[in-house]
Amino acid sequence: MGEEKKSGGVWPTVKPFVNGGASGMLATCVIQPVDMIKVRMQLGQGSAVSVTKNMLREEGFGALYKGLSAGLLRQATYTTARLGTFRILTNKAIAANDGKPLPLYQKALCGLTAGAIGASVGSPADLALIRMQADATLPVAQRRNYTNAFQALYRIVADEGVFALWKGAGPTVVRAMALNMGMLASYDQSVELFKDTLGFGEVSTVVGASAVSGFFASAFSLPFDYVKTQIQKMQPDANGKLPYTGSLDCAMKTLKAGGPFKFYTGFPVYCVRIAPHVMMTWIFLSQIQKLEKSVGL
């Protein structure tokens with residue numbers, strides 16, 4: 001009777017989404033300062049060391065956690081949707097494959113789909129996060145001075161309209177598709193390699209697979225992340241003209257001005273930020289699943 005209760009109802013359906021969002025939010029609480037430094041580097045504020053020194057000297061320690069509310073809201077939407085969708089898609093694909101492990105290309109397709117869905121849901125929170133993190137780099141007269149994520153979303157809607165919440169959504173979705181293809185597919189593939197082929201234990205499997213997926217997520221997504229950041233933080237000049245007409249225009253101008261390596265500005269910090277977040281997300285997810293199992297959920 002208890003087994004029937006577990007297998008039916010709403011909980012089995014929503015469980016991957018709840019677990020994914022919770023693990024992502026916990027990881028964000030730890031990694032927020034590194035993410036803040038990464039954004040400032042992409043906005044041309046200098047190296048990781050100089051950005052950190054300047055922020056601590058001029059804005060105080062709290063500046064490292066500016067935008068945390070938006071970061072948590074982003075995880076509650078984006079990561080909830082992408083990890084939940086990915087697990088449901090892969091479970092259905094495995095069932096259709098008679099329980100056999102999926103080939104890499106099918107995992108990649110599941111990752112692409114999950115990334116697109118997650119980014120579409122999480123784009124408003126992502127916009128609020130980028131604006132809050134970049135605010136201190138603007139001239140005083142141009143600063144938006146959002147107090148938290150919800151106030152940022154309210155003011156964006158009031159000042160710019162509802163559809164402004166999805167400003168830069170195109171590059172956000174493309175970036176998320178690239179990131180999740182690299183992160184999710186390589187993680188599942190690495191787990192199979194480390195656990196089934198090499199016989200690693202649970203901890204070493206999670207750490208090793210997370211490191212691999214973190215690297216591929218970074219390498220695949222940083223160029224799109226760079227363009228997305230430039231689009232989301234741009235403001236019109238004195239004549240009301242924006243620096244870029246769109247993502248493609250931004251990419252072409254960046255390529256012309258700085259070459260292909262310009263897109264990888266801040267890659268070491270970005271990789272350091274992505275890999276630990278990936279690792280902590282999977283570790284937190286594993287612990288959440290253990291806790292749920294211990295209480296019969």
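Below, all heavy atoms of this structure are taken into account, side chains as well, without hydrogens, waters or symmetry copies. Note that this is a predicted model, so its numbers are computed, not measured.
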* From CA spacing to verdict: side-chain contact (heavy atoms from CB on, under 4.5 Å), Leu73, Leu129 -> CA-CA 9 Å; Leu73 180 61; Leu129 174 62; over 6 Å; no
* Check step by step if side-chain contact (heavy atoms from CB on, under 4.5 Å) holds for Thr265 and Tyr270. => CA-CA 9 Å; Thr265 300; Tyr270 185 75; over 6 Å; no
* Asked: Does the side-chain contact (heavy atoms from CB on, under 4.5 Å) test come out yes or no for Trp282 and Leu83, once each step is laid out?
  -> CA-CA 10 Å; Trp282 293 122; Leu83 291 188; 4.3 Å; yes
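Ion pair Arg40/Glu58 not flagged as a salt bridge, since none of the NZ, NE, NH1 or NH2 atoms sits closer than 4.0 Å to an Asp/Glu carboxylate oxygen.
Using a 4.5 Å heavy-atom cutoff, the side chains of Leu291 and Leu297 are not in contact. Taking the side chain as every heavy atom from C-beta outward, Leu255 and Pro260 approach each other to under 4.5 Å. Inter-residue side-chain proximity for Lys253 and Pro243 is flagged as unmet; no heavy-atom pair is nearer than 4.5 Å. Side-chain contact between Thr254 and Val227 is absent, with no heavy atoms from C-beta onward closer than 4.5 Å. Residues Ser286 and Glu202 have side chains in contact (heavy-atom distance under 4.5 Å, counting atoms from C-beta outward). At a threshold of 4.5 Å between non-hydrogen side-chain atoms, the residues Leu89 and Lys92 do not count as touching.
Between the side chain of Thr197 and the main chain of Phe194, no donor-acceptor pair closer than 3.5 Å is present. Judged by distance alone, with hydrogens and angles left aside, the side-chain atoms of Ser23 form a donor-acceptor pair with the main-chain N or O of Gly20 at under 3.5 Å. When atom types are taken as modelled, the side chain of Arg144 and the backbone of Arg155 share no donor-acceptor pair closer than 3.5 angstrom. The closest donor-acceptor contact from the side chain of Gln32 to the backbone of Lys66 lies under 3.5 Å. Side-chain atoms of Ser69 come within 3.5 Å of backbone N or O of Ala149 as a donor-acceptor pair. Counting only distance, with no hydrogens or angles, the side chain of Tyr187 and the backbone of Gly214 share no donor-acceptor pair below 3.5 Å. Between the Ser123 side chain and the Ser120 main chain, no donor and acceptor come within less than 3.5 Å of each other. Listed for the Asn148 side chain is a donor-acceptor partner under 3.5 Å among the backbone atoms of Phe150. Without hydrogens or angle criteria, Thr28 side chain to Gly24 main chain gives a donor-acceptor distance under 3.5 Å. Here the side chain of Asn180 pairs a donor or acceptor atom with the backbone of Ala176 at under 3.5 angstrom.
Here the CZ atom belonging to Arg74 is positioned 11.5 Å from the CG atom belonging to Leu127, to the nearest 0.5 angstrom. Residue Phe86 holds its CZ atom at 13.0 Å from CZ of Phe17, rounded to the nearest 0.5 Å. Taking CZ of Phe224 as the reference point, atom CG of Leu179 lies at 11.0 Å (rounded to 0.5 Å). Atoms CG and CD, on Leu104 and Gln106 in that order, are 10.0 Å from each other to the nearest 0.5 Å. Residue Thr245 holds its OG1 atom at 11.5 Å from CE of Met252, rounded to the nearest 0.5 Å. Taking CG of Leu184 as the reference point, atom NZ of Lys107 lies at 11.5 Å (rounded to 0.5 Å).
When hydrophobic clusters are built by joining Ile, Leu, Val, Met, Phe, Trp and Tyr residues whose side-chain heavy atoms come closer than 4.5 Å, directly or via intermediates, Leu109 is grouped together with Met183. Val34 is connected to Leu68 through a chain of hydrophobic side-chain contacts under 4.5 Å among Ile, Leu, Val, Met, Phe, Trp and Tyr, so both are in one cluster. Note: the hydrophobic cluster containing Ile31 does not contain Val207 (ILVMFWY, side chain heavy atoms under 4.5 Å, direct or indirect links). Hydrophobic clustering (ILVMFWY, side-chain heavy atoms < 4.5 Å, transitive): Leu248 and Val174 are in distinct clusters. Under a hydrophobic clustering in which Ile, Leu, Val, Met, Phe, Trp and Tyr are joined whenever their side-chain heavy atoms come within less than 4.5 Å, directly or via other members, Val18 and Val10 fall into the same cluster.
Taking the six-membered ring where the residue is Trp, Tyr264 and Phe267 present perpendicular rings, their angle passing 60° and hence far from 30°.
Minimum heavy-atom separation, Gly118 to Ala81: CA-CB, 3.7 Å. The heavy-atom pair separating Val51 from Gly46 by the smallest distance is CG2-O, 3.7 Å. Nearest heavy atom pair, residue Cys250 against residue Gln230, reads SG-CB, 3.7 Å. When all heavy atoms are compared, the tightest approach of Ala128 to Leu153 is CB-CD2, 4.1 Å. The nearest pair of heavy atoms linking Met279 to Ala211 is CG-N, 4.1 Å. Nearest heavy atoms, Ala119 versus Tyr78: N-CD1, 3.6 Å.
More than 12 heavy-atom neighbours from other residues, nucleotides or ligands sit within 6.0 angstrom of OH on Tyr226. Counted within 6.0 Å of NZ on Lys195, heavy atoms from surrounding residues, nucleotides or ligands total 12 or fewer; the atom is thus considered open. Surrounding CZ of Phe215 are at most 12 heavy atoms belonging to other residues, nucleotides or ligands under 6.0 Å away.
Listed by first then second residue, pairs satisfying salt bridge (Lys or Arg N to Asp or Glu O under 4.0 Å) with a partner in residues 209-225 read Lys38-Asp225, Arg175-Asp225, Asp225-Lys228, not counting sequence neighbours.
Qualifying side-chain hydrogen bond (donor to acceptor under 3.5 Å, both in side chains) partners for Glu292, counting only residues two or more places apart in sequence or in other chains: Asn19.
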